[in-house]
Amino acid sequence: MALISLEAARRRVLAQCPPIRPRAVPLAEALGCATSVPIRAEEAVPPFDNTAVDGFAVRSAEVVGAAPDHPVHLRVIATIAAGAPPEPPVGPGQAVRILTGAPLPAGADAVVMIEDTDAWDGRSGREAPGPTGSGQVAVRRSVAAGANLRRAGDDIAPGQEVFAAGTVLGAGHLGVLASLGLVRVPVYPRARVGVLSTGDELVPAGQPLGPGQIRDSNRTTLLALVAGANAEPVDLGSVPDDPDALTAALTDGVTRCDAILTSGGVSVGDFDYVKVVLDRLSGQTMQWMQVAIKPAKPFAFGTISGTPVFGLPGNPVSSMVGFEALARPALRQMMGHVDLGRTRVLAVADEGVRRRPDGKLHLVRVRGQWEADGRFHVRSSGGQESHLLRSMALANALAVVPDGDGVEAGGGVEVWLLS
Ligand code: AMP
Ligand code: MG
């Protein structure tokens with residue numbers, strides 16, 4: 001079977017993975033989701049003019065020329081705390097003690113910071129007015145109209161588009177939506193992604209290994225990768241290479257999931273039943289590919305009753321790399337993201353990467369860090385064979401080494417950042 005380039009394989013997959021139907025979800029469930037429509041504000045933020053500091057609300061014209069040796073004396077008529085109504089109005093010769101976030105009372109047009117005043121309680125003569133705000137204040141500094149105020153709509157005006165469609169919601173975005181009083185937000189919801197392991201040799205944790213048997217690690221890694229892609233993992237279990245068990249698991253999976261990942265049974269040499277069953281359930285639409293990458297060359301893709309199915313190879317590193325290269329971009333597209341791939345940077349190879357020309361891109365497990373020269377420096381994280389999962393676990397990037405002889409030490413190499 002001829003090799004197909006990674007880009008071509010990705011195009012084939014993306015063409016069959018349209019975004020899933022948007023819906024309004026509670027803010028608490030929307031982290032990492034992409035908005036499906038532009039979000040408009042129905043309220044102003046802040047909702048009213050308020051003070052940015054603790055101090056005294058004044059009529060700025062009355063404190064013109066105020067200075068330490070020439071204070072302006074005003075009568076303090078009340079205290080307004082955050083959450084209180086903007087009352088009473090400030091008349092000539094008056095001031096209102098006001099605390100950060102409190103609404104500006106009528107008549108006042110500026111706030112003098114507490115640090116620029118000396119205040120007296122009307123009765124006891126204590127410094128600072130009492131809780132009712134009675135007393136006097138000496139203003140030691142003039143303020144311009146509007147000083148120390150946060151105006152209504154400063155951050156967001158009613159009717160304004162706050163976020164464009166396709167905005168990926170982070171903590172700050174959710175905070176803005178909360179400040180606008182939204183309970184739900186229209187997004188592309190998390191895709192429910194089923195993960196199914198296949199293979200007669202697989203034994204669940206907790207059971208002893210018999211001859212020729214191994215543990216199922218792919219289901220754990222793939223479920224975690226799904227969660228890391230902000231999708232919702234659905235554990236479809238592990239099935240032997242048995243047509244009935246495979247058929248049952250896949251048929252159940254497509255009723256519950258937006259996409260399915262299988263591992264194992266997609267290599268050319270495999271004589272297990274994964275191929276037979278996937279071909280039959282997909283109505284012979286499965287595309288069996290040999291992608292020009294190493295690891296993760298064998299890959300299958302098709303749909304069962306409209307649900308995309310990604311047939312990933314069984315080798316532990318191959319299933320992870322196949323997910324990164326082909327499944328993750330598709331899941332992100334299904335979830336309305338525009339930016340489908342991992343962040344790519346041009347890194348410095350601190351050690352050479354040797355390879356032979358074989359027509360494939362090599363995705364090399366590397367560990368790297370940002371250094372003082374402002375560049376990301378990488379080194380191999382260990383052995384590169386596709387069963388060596390530990391070196392994948394230790395890697396924080398995949399170096400994309402193009403076909404050829406490799407990369408010299410100190411040379412540049414593109415990497416996909418995995419975290
Ligand atoms: P296959 O793609 O089914 O030919 O499997 C390739 C290799 O991956 C074999 O060594 C399998 O035993 C191994 N393998 C398959 N599935 C899993 C799994 N879920 N966890 C760990 N190794 C697996
Ligand atoms: Mg197998």
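Both ligands and their constituent atoms are indexed starting at 1 by order of listing. In what follows, residues are counted from 1 in the order of the sequence shown. When reading the values below, keep in mind they use all heavy atoms of this one structure, side chains included, and skip hydrogens, waters and symmetry mates.
Arg365 and Ser381 are not linked by any side-chain donor-acceptor pair at a separation below 3.5 angstrom, with hydrogens and angles left out of the test. Side-chain contact annotation: Arg367 with Ser380, donor-acceptor N/O pair under 3.5 Å absent. For the 3.5 Å distance criterion, the side chains of His377 and Asp350 qualify, holding a donor opposite an acceptor. Side chains of Ser60 and Asp109: a donor on one and an acceptor on the other come within 3.5 Å. Neither side chain, Ser197 nor Asn218, offers a donor N or O lying under 3.5 Å from an acceptor on the other. Side-chain contact, Arg12 with Gln287: a donor N or O sits under 3.5 Å from an acceptor N or O.
Counting the atoms of ligand 1 from 1 in the order shown, those under 4.0 Å from a heavy atom of Asp216 are 18 (C), 19 (N), 20 (N). Of all atoms in ligand 1, numbered sequentially from 1 with element shown, those under 4.0 Å from a heavy atom of Ile214 are 12 (O), 21 (C), 22 (N), 23 (C). Per-residue contacts place Ser197 under 4.0 angstrom from the following atoms of ligand 1 (heavy atoms of the residue considered): 19 (N). Numbered from 1 in the order shown, with element, the atoms of ligand 1 that lie under 4.0 Å from a heavy atom of Arg215 read 20 (N), 21 (C). For ligand 1, the atoms sitting less than 4.0 Å from at least one non-hydrogen atom of Gly265 are 1 (P), 2 (O), 3 (O), numbered in the order shown with element in parentheses. Shown in contact with Glu201 at under 4.0 Å from a heavy atom are these atoms of ligand 1, numbered in order with element: 11 (C), 12 (O), 15 (C).
Remark: distances from the non-hydrogen atoms of Gly199 to ligand 1 are all 4.0 Å or more.
For Arg215, the CZ atom counts as densely surrounded, since its 6.0 Å shell holds more than 12 non-hydrogen atoms of other residues, nucleotides or ligands.
Ion pair Asp118/Arg140 flagged as a salt bridge, since at least one NZ, NE, NH1 or NH2 atom sits closer than 4.0 Å to an Asp/Glu carboxylate oxygen.
Contacts between Ser217 and ligand 1 below 4.0 angstrom, taking non-hydrogen atoms only, involve backbone and side chain alike. Residue-level proximity to ligand 1 for His387 is absent, since no heavy atom of it falls below 4.0 angstrom. No part of Val274 comes within 4.0 Å of ligand 1, judged by heavy-atom distances.
Summarising the contacts of atom 17 (C) of ligand 1 with Asn218, Val266, Asp241, the nearest heavy atom is found in Asn218.
Looking at Pro313 next to ligand 1, no N or O pair under 3.5 Å apart turns up. At a 3.5 angstrom cut-off on N or O pairs, Gly314 counts as close to ligand 1.
Considering Arg356, Arg355, His362 as possible partners of Asp403, the one that fulfils the side-chain hydrogen bond (donor to acceptor under 3.5 Å, both in side chains) test is Arg355.
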